[in-house]
Undergrad: 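Okay, handing you the structure first.
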2 protein chains.
Amino acid sequence: MPGLSAQCCDLLHIRQNVAANVERTMPSEDALFELSELFKTFGDSTRIRILFCLFIDEMCVCDIANLLGMSQSAISHQLAVLKRQKLIKARRDGKAVFYSLADDHVRTIINQGMDHVNE
Amino acid sequence: MPGLSAQCCDLLHIRQNVAANVERTMPSEDALFELSELFKTFGDSTRIRILFCLFIDEMCVCDIANLLGMSQSAISHQLAVLKRQKLIKARRDGKAVFYSLADDHVRTIINQGMDHVNE
DNA sequence: TGAGCATATGAACAGATATGCATATATTAT
DNA sequence: ATAATATATGCATATCTGTTCATATGCTCA
């Protein structure tokens, strides 16, 4: 097959249906972007530690900062990231803002990741 | 309570058991590192697209590069990242190296993420 | 052995990102 | 209103990361 294997091994051509299946099952560009953004959000140990705090109970910024031994600013920045991704929600009570998990999906995803790590 | 609320609201002190529960359930530093590294690996749309390819079938580097319209080098680098995380495995067949999913855990985690995105 | 193809890899660079610092906003109490 | 506290946010920066380019390695065939 001259011409077909110009810049690649021609093994793909042997299984043409594979390429079609990839095309069919590959999510849209938007979905791929959102998916990777979601995982990127989990891909930072500070944010993961924040989520483990919120697994226990809702907490204000300062509580989290104290528990994790980090600055208020660092925590607030990361809470903003988590909120932008709709993984957590905020509730103001006087001067304090209490953060909590947006839904239990978050817990499921993290636990799934933990399962993979623990083995 | 003078002294106790020096650098933070003292709300945490009201629920002392919360702090204890956080301590108890927070994974070790090593586990947190591995967990965030795992999610970090999923946090790139190129790597996710590679995984969606491998959901269909094992593939050589060049197949993937062609399917995704990216350079051989870029794909090879990302395959190395995925392999370092033990998410995929490699099998050499002559000049080609075929990559495939290491286990079905990968599929589960990605699907879980997709569920969260699709709603 | 040498040519050619598939893949791996190191260096460099551009773009992203987590944190600290300074400061703004919001709420409460005096 | 003023002060004090809790949080948010813009900017600067050091670090990390994805891609490209050039080249090395590994395999096959003539």
Side-chain angles (χ1 to χ4, degrees), chain A residues 1-14 32-33 36-37 39-50 58-85 88-99, chain B residues 1-14 32-33 36-37 39-50 58-85 88-99:
Chain A
M1 291 189 208
L4 277 178
S5 55
Q7 46 180 338
C8 171
C9 55
D10 50 1
L11 285 161
L12 183 59
H13 305 130
I14 297 173
L32 284 168
F33 178 78
S36 58
E37 288 299 305
F39 285 126
K40 203 173 294 179
T41 307
F42 289 125
D44 175 78
S45 61
T46 296
R47 288 191 290 266
I48 295 225
R49 292 202 296 157
I50 290 175
E58 65 169 7
M59 284 184 200
C60 66
V61 181
C62 207
D63 285 345
I64 300 171
N66 277 341
L67 280 170
L68 302 187
M70 294 182 64
S71 74
Q72 175 270 325
S73 179
I75 299 301
S76 186
H77 275 295
Q78 297 310 327
L79 284 169
V81 173
L82 290 166
K83 191 145 171 285
R84 235 176 277 138
Q85 283 291 318
I88 61 175
K89 54 181 195 283
R91 167 181 80 80
R92 182 174 273 277
D93 179 14
K95 278 177 287 190
V97 175
F98 283 87
Y99 286 90
Chain B
M1 291 191 208
L4 278 178
S5 54
Q7 45 180 337
C8 172
C9 55
D10 51 354
L11 286 160
L12 183 57
H13 306 129
I14 297 173
L32 285 168
F33 177 78
S36 58
E37 287 301 305
F39 286 126
K40 205 172 292 180
T41 307
F42 289 124
D44 175 78
S45 61
T46 296
R47 288 192 290 268
I48 295 227
R49 292 201 299 157
I50 291 175
E58 65 168 9
M59 284 183 200
C60 66
V61 180
C62 206
D63 285 345
I64 301 171
N66 277 341
L67 280 170
L68 303 187
M70 293 181 64
S71 74
Q72 175 269 326
S73 179
I75 299 300
S76 186
H77 275 294
Q78 296 310 328
L79 284 169
V81 174
L82 290 165
K83 190 145 172 283
R84 237 175 277 138
Q85 283 292 316
I88 62 175
K89 54 183 196 283
R91 166 180 80 80
R92 183 173 272 277
D93 180 13
K95 279 176 287 189
V97 175
F98 283 87
Y99 286 92

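The sequence lines fix the lettering, A, B, ..., with proteins before strands; numbering per chain opens at 1.
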Undergrad: How long is the gap from CZ on B:F39 to OG1 on A:T41, to the nearest 0.5 Å?
TA: 11.0 Å
Undergrad: Quick one, give me the B/S/- string for nucleotides 25-30 of chain D, reading 5' to 3', where B means a protein heavy atom under 4.0 Å from the base and S means that only happens at the primed atoms, P, OP1 or OP2.
TA: -BBS--
Undergrad: Suppose we screen for salt bridge (Lys or Arg N to Asp or Glu O under 4.0 Å). Which residues come up paired with B:R92, at least two apart in sequence or across chains?
TA: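 Testing B:R92 for salt bridge (Lys or Arg N to Asp or Glu O under 4.0 Å), a comparison that skips the adjacent residues, returns none.
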Undergrad: Please report, rounded to the nearest Å, how far the C1' atom of D:dT7 is from the CD atom of A:E58.
TA: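 Going from CD in A:E58 over to C1' in D:dT7 covers 16 Å.
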Undergrad: Taking the side chain as every heavy atom from C-beta outward, state whether A:D93 and A:R91 have any pair of such atoms under 4.5 Å apart.
TA: yes
Undergrad: In whole angstroms, how far is the P atom of D:dA8 from the NZ atom of A:K83?
TA: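 Taking atom P of D:dA8 as the reference, NZ of A:K83 is at 8 Å.
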Undergrad: Whole angstrom is fine here: how far is it from CG in A:D63 over to P in D:dT5?
TA: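 Those two atoms, CG and P, are 17 Å apart.
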Undergrad: Can you tell if the side chain of B:I64 reaches within under 4.5 Å of the side chain of B:R49, non-hydrogen atoms only?
TA: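 The answer is no, as the side chains (C-beta and beyond) never meet within the 4.5 Å cut-off.
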Undergrad: Which comes earlier along DNA chain C counting from the 5' end, the contact point of A:S71 or that of B:V61, where each point is its nearest nucleotide?
TA: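 That would be B:V61.
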Undergrad: Taking only distance into account, with no hydrogens and no angle test, what donor-acceptor pairs under 3.5 Å do side-chain atoms of residues 70-81 of chain A form with protein atoms, sequence neighbours excluded?
TA:
from: A:S71; atom 1: OG; to: A:A74; atom 2: N; distance (Å): 3.0
from: A:Q78; atom 1: OE1; to: A:R47; atom 2: NH1; distance (Å): 2.7

Undergrad: How does each nucleotide of nucleotides 9-17 of chain C score, in 5' to 3' order, for protein heavy atoms under 4.0 Å: base (B), sugar-phosphate only (S), or none (-)?
TA: BB------S
Undergrad: For B:R49 and D:dG18, what is the distance between atoms CZ and P respectively, to the nearest whole Å?
TA: 14 Å
Undergrad: How long is the line joining CZ of A:F98 and P of D:dT5, in whole Å?
TA: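 Going from CZ in A:F98 over to P in D:dT5 covers 17 Å.
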Undergrad: To the nearest 0.5 Å, tell me how far B:S36 OG sits from A:F42 CZ.
TA: 12.5 Å
Undergrad: Rounded to the nearest angstrom, tell me the gap between atom CD1 in A:I75 and atom C1' in D:dA8.
TA: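 Taking atom C1' of D:dA8 as the reference, CD1 of A:I75 is at 14 Å.
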Undergrad: Can you name the residues that form a side-chain hydrogen bond (donor to acceptor under 3.5 Å, both in side chains) with A:Q85, not counting sequence neighbours?
TA: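 So A:Q85 forms no side-chain hydrogen bond (donor to acceptor under 3.5 Å, both in side chains) with any residue.
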Undergrad: Distance check: side-chain N/O of B:Y99 vs OP1/OP2 of C:dA6, anything under 4.0 Å?
TA: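 Looking at the OP1 and OP2 atoms of C:dA6, neither is under 4.0 Å from any side-chain N or O of B:Y99.
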Undergrad: Just jot down the side chain to side chain contact (heavy atoms under 4.5 Å, CB included) partners of B:K83, sequence neighbours excluded, or say none.
TA: B:I88, B:A90, B:Y99
Undergrad: Measure the NZ-SG distance between B:K95 and B:C60 for me, rounded to the nearest 0.5 Å.
TA: 11.5 Å
Undergrad: Taking CG from A:L68 and P from C:dG20, how many angstroms apart are they, rounded to a whole number?
TA: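 It is 12 Å, rounded to the nearest whole Å.
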Undergrad: Could you state the atom-to-atom distance from CD1 of B:I48 to C1' of D:dT17 in whole Å?
TA: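 Computing the B:I48:CD1 to D:dT17:C1' distance gives 16 Å.
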